[in-house]
Peer 1: 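Below are the structure tokens for one structure; questions will follow.
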There are 2 protein chains.
Amino acid sequence: MNRTRPQSRIQARNSAAILDAALQVFSQQGFRGATLDQIADVAGLSKPNLLYYFASKEAIHQALLGQLLHIWLDPLRAIDATGDPVAELLAYMRRKLQLSREYPRESRLFANEILQGAPRIEAAIKGELKALVDAKAAIIRDWVAAGKIAAVHPHHLIFSIWALTQHYADFDVQVRLVLGGEAVDPYPEAQTYLETLFRKLLAP
Amino acid sequence: MNRTRPQSRIQARNSAAILDAALQVFSQQGFRGATLDQIADVAGLSKPNLLYYFASKEAIHQALLGQLLHIWLDPLRAIDATGDPVAELLAYMRRKLQLSREYPRESRLFANEILQGAPRIEAAIKGELKALVDAKAAIIRDWVAAGKIAAVHPHHLIFSIWALTQHYADFDVQVRLVLGGEAVDPYPEAQTYLETLFRKLLAP
DNA sequence: ATTTTGTTTGACCAAATGGTCAATCGGACG
DNA sequence: CGTCCGATTGACCATTTGGTCAAACAAAAT
């Protein structure tokens with residue numbers, strides 16, 4: 001397997017199939033609970049063939065976590081200090097909710113990793129993520145100081161956006177079971193509810 | 001092992017040690033990721049000795065989930081239709097936050113179970129939990145109709161209380177890493193923040 | 001057509017895992 | 001003291017698991 005040279009069609013297809021299968025299995029079972037046999041099965045490949053494309057179970061997991069961080073941090077990065085404060089924060093919440101809807105498996109993979117004590121992602125959290133959060137928290141603090149939004153604790157505001165949006169991906173099963181019929185899509189009402197919540201919270 | 005007859009001191013002590021150890025391991029690794037050897041190790045017992053007290057890995061997990069539901073539902077049950085609406089809901093949030101602080105492992109055990117698709121707790125969610133949530137949602141709907149709190153979607157209000165409070169237990173590692181120093185206790189600020197949030201959201 | 005390079009797999013391995021069991025230990029009690 | 005019964009464990013077992021490897025297969029490249 002050569003990762004520097006551009007991948008052939010067959011490499012691209014199989015790597016993608018493996019990562020997709022692994023995402024499915026890891027996000028549901030966690031790292032230790034997942035097995036290469038399950039992943040191989042879902043991917044439609046033999047176990048030795050998996051290991052032809054990835055050096056180990058660890059390597060597959062690492063590849064997924066790597067991808068994940070991009071997807072995860074982009075919406076936060078997009079918060080613009082020069083934009084309208086309430087609009088910026090609401091837009092961030094909406095992007096994050098959209099992520100939960102479109103990438104629930106990624107959200108659960110992340111949740112699993114954190115639940116396990118973040119052994120394989122601690123560095124990124126302490127480094128990249130913390131730096132970005134601190135930067136955006138500073139912006140929020142300025143907005144508060146300028147009286148453009150109500151006085152809120154910046155870090156906890158960000159945590160609350162994470163908690164409220166990721167809940168719909170991570171606890172999807174529970175949300176749907178409690179709401180009743182399987183056909184229910186909780187997202188439209190969730191978005192309305194969260195917009196109200198944050199508008200009232202942030203109104204200066 | 002005889003569960004009908006009152007346990008001897010030694011039985012009580014060892015069962016408790018096993019359940020405590022199992023809670024630790026299951027909540028971090030999930031059901032599949034946990035091993036009897038780990039649990040035995042943490043409990044300070046031999047593996048065969050574990051299986052003298054519990055019939056199987058499954059049985060230990062079941063025992064934990066059973067306990068869990070009580071602890072989990074009581075604060076919700078305590079919401080009083082005749083009390084002051086905002087005070088009742090704030091008190092519920094506070095009790096739930098307290099639970100996250102005092103029983104973070106239980107919270108993570110629950111989170112793990114839901115992430116895995118709730119295979120061993122689906123019935124309880126569809127039954128007991130859903131019934132209780134629906135009952136309390138009806139109370140909230142009445143409060144809204146009576147103009148005692150702002151118009152909010154009752155189920156999503158409850159979800160938001162769960163999401164916001166459980167986040168501090170389930171994502172504890174992340175919260176502490178992002179906030180910085182290890183010595184930080186995020187709960188006091190979290191409580192202040194959440195009180196503000198829900199007061200503003202619910203104000204009629 | 002043949003070589004070369006990349007892809008796939010059956011067979012295999014050592015370690016880990018859930019679970020069993022006969023044998024032993026230890027304390028309470030006659 | 002000896003008996004009894006609950007508590008404990010070393011040895012063991014079948015299966016699962018992450019990983020290896022040589023051999024077979026396929027697809028380009030010559």
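Being a predicted model, the structure only gives us computed values, none of them experimental. Chain identifiers are assigned alphabetically (A, B, ...) following the order of the sequence lines, protein sequences preceding nucleic acid strands; residue numbering begins at 1 within each chain.
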Peer 1: Nearest to the B/Leu36 side chain among D/dA11, C/dG18, D/dG6, which nucleotide is it?
Peer 2: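 Closest of the options to the side chain of B/Leu36: C/dG18.
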Peer 1: Is there a side-chain contact between A/Gln174 and B/Phe110, using heavy atoms and a 4.5 Å cut-off?
Peer 2: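 In short, these two side chains touch, coming nearer than 4.5 Å.
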Peer 1: Tell me which of A/Gly44 and B/Ala34 sits closer to the 5' end of DNA chain C, going by the nucleotide each one is nearest to.
Peer 2: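 Closest to the 5' end, via its nearest nucleotide, is A/Gly44.
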Peer 1: Rounded to the Å, how far apart are A/Asp37 CG and D/dG18 C1'?
Peer 2: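 Checked: the CG to C1' distance equals 9 Å.
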Peer 1: Looking across every strand, which nucleic acid part, if any, lies under 4.0 Å from B/Leu45 by heavy atom: base, sugar-phosphate, or nothing?
Peer 2: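 The answer is nothing, as B/Leu45 stays clear of every strand by at least 4.0 Å.
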Peer 1: Hey, is the side chain of B/Asn14 poking within less than 4.0 Å of OP1 or OP2 on D/dT8, counting only N and O atoms?
Peer 2: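 B/Asn14 to D/dT8 OP1/OP2: side-chain N or O found under 4.0 Å.
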Peer 1: If only side-chain N and O atoms of B/Tyr52 are considered, is one of them under 4.0 Å from the OP1 or OP2 phosphate oxygen of D/dT8?
Peer 2: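 Negative; the distance criterion is not met.
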Peer 1: Below 4.0 angstrom from OP1 or OP2 of D/dG6, is there any side-chain N or O of B/Gln11?
Peer 2: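 Result: no.
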Peer 1: Between B/Tyr168 and A/His156, does the ring centre distance come in under 6.0 Å?
Peer 2: yes
Peer 1: What is the distance, to the nearest angstrom, from the NZ atom on A/Lys57 to the C1' atom on D/dT17?
Peer 2: 8 Å
Peer 1: Can you check the B/Leu50 CG to D/dA7 P distance for me, whole Å?
Peer 2: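 In whole Å, D/dA7 P lies 14 Å from B/Leu50 CG.
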Peer 1: State which of D/dG10, D/dT17, C/dT8 makes the closest approach to the side chain of B/Pro48.
Peer 2: D/dG10
Peer 1: Roughly how many Å is it from CD1 in A/Ile18 to P in D/dG18, rounded to a whole number?
Peer 2: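 Those two atoms, CD1 and P, are 14 Å apart.
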Peer 1: Does a salt bridge link A/Lys47 with A/Asp41, judged by any charged N lying under 4.0 Å from a carboxylate O?
Peer 2: no
Peer 1: Distance check needed: D/dT9 C1' versus B/Leu51 CG, whole Å only.
Peer 2: 12 Å
Peer 1: Find out whether the Lys NZ or Arg CZ of B/Arg120 is both under 6.0 angstrom from the six-membered ring centre of B/Phe31 and within 45° of the ring's axis.
Peer 2: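 Judged by the rule (NZ or CZ under 6.0 Å from the ring centre, within 45° of its axis), B/Arg120 counts as positioned above B/Phe31.
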Peer 1: Let me know the distance between CZ of B/Arg13 and C1' of D/dT8, rounded to the nearest Å.
Peer 2: 12 Å
Peer 1: Rounded to the Å, how far apart are A/Ile60 CD1 and D/dT17 C1'?
Peer 2: 14 Å
Peer 1: What is the distance, rounded to the nearest whole Å, between atom CZ of B/Arg9 and atom C1' of C/dG27?
Peer 2: 11 Å
Peer 1: What pair of heavy atoms forms the shortest contact from A/Leu157 to A/Ser160, and how long is it?
Peer 2: O-OG, 2.6 Å
Peer 1: Looking at the side chain of B/Asn49, which of C/dG18, D/dT9, C/dT8 is the nearest nucleotide?
Peer 2: D/dT9
Peer 1: Answer with yes or no whether A/Lys47 presents, from its side chain, a donor or acceptor under 3.5 Å of a partner atom in the base of D/dG18.
Peer 2: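 By the distance-only test, yes, there is a pair.
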